[in-house]
Amino acid sequence: MPEISQMADNRPGLPLAVNGLCVAYDKKPVFTGLSLHVEPGEIFGLTGVNGAGKTSLMKAALNLIEPVAGEISFFGISGRNPESRRRVAYLPENF
């Protein structure tokens, strides 16, 4: 189970902040303790092998699945608030 950790916070200017995120399916963790932040103007790419949790992270960020623990914010607004995603676009591989 991958564990990723960087310093993260919820500064209002951060386009994306993820703090201590844990996602699981049927009580089986995909990842735990995931923390990262994207600075304004930063170009960020999310890569990894199949099953690493890339899609699970995106689904949690878009509030399509409920994380077990942790929090996500966009521009300082909780990801649980639909307003937080007003300035976010998502283009899935399959519609």
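Computed from a prediction, not measured in an experiment: that's the story for all the values here.
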Take a 6.0 Å sphere around NZ of Lys54 and say whether it holds more than 12 heavy atoms from other residues, nucleotides or ligands. yes
Glu83 and salt bridge (charged side-chain N to carboxylate O under 4.0 Å, His left out): which single residue from Arg85, Arg80, Arg86 fits? Arg86
Keeping the roles fixed (side chain from [X], backbone from [Y]), state whether a donor-acceptor pair exists under 3.5 Å.
X: Ser84; Y: Ser78; answer: yes
X: Ser35; Y: Gly20; answer: yes
X: Asp26; Y: Lys28; answer: no

Nearest heavy-atom contact between Val30 and Gly53 is CG1-CA, 3.6 Å
Shortest non-hydrogen separation from Ser56 to Tyr25 and the atoms involved: OG-OH, 3.0 Å
Is [Y] reachable from [X] through a run of I, L, V, M, F, W or Y residues, each pair having side-chain heavy atoms under 4.5 Å apart?
X: Phe44; Y: Ile72; result: yes
X: Val23; Y: Val49; result: no
X: Phe31; Y: Leu64; result: yes
X: Val18; Y: Ile65; result: yes

Is any side-chain heavy atom of [X] less than 4.5 Å from a side-chain heavy atom of [Y]?
X: Pro15; Y: Pro40; result: yes
X: Leu14; Y: Glu39; result: yes
X: Leu36; Y: Leu16; result: yes

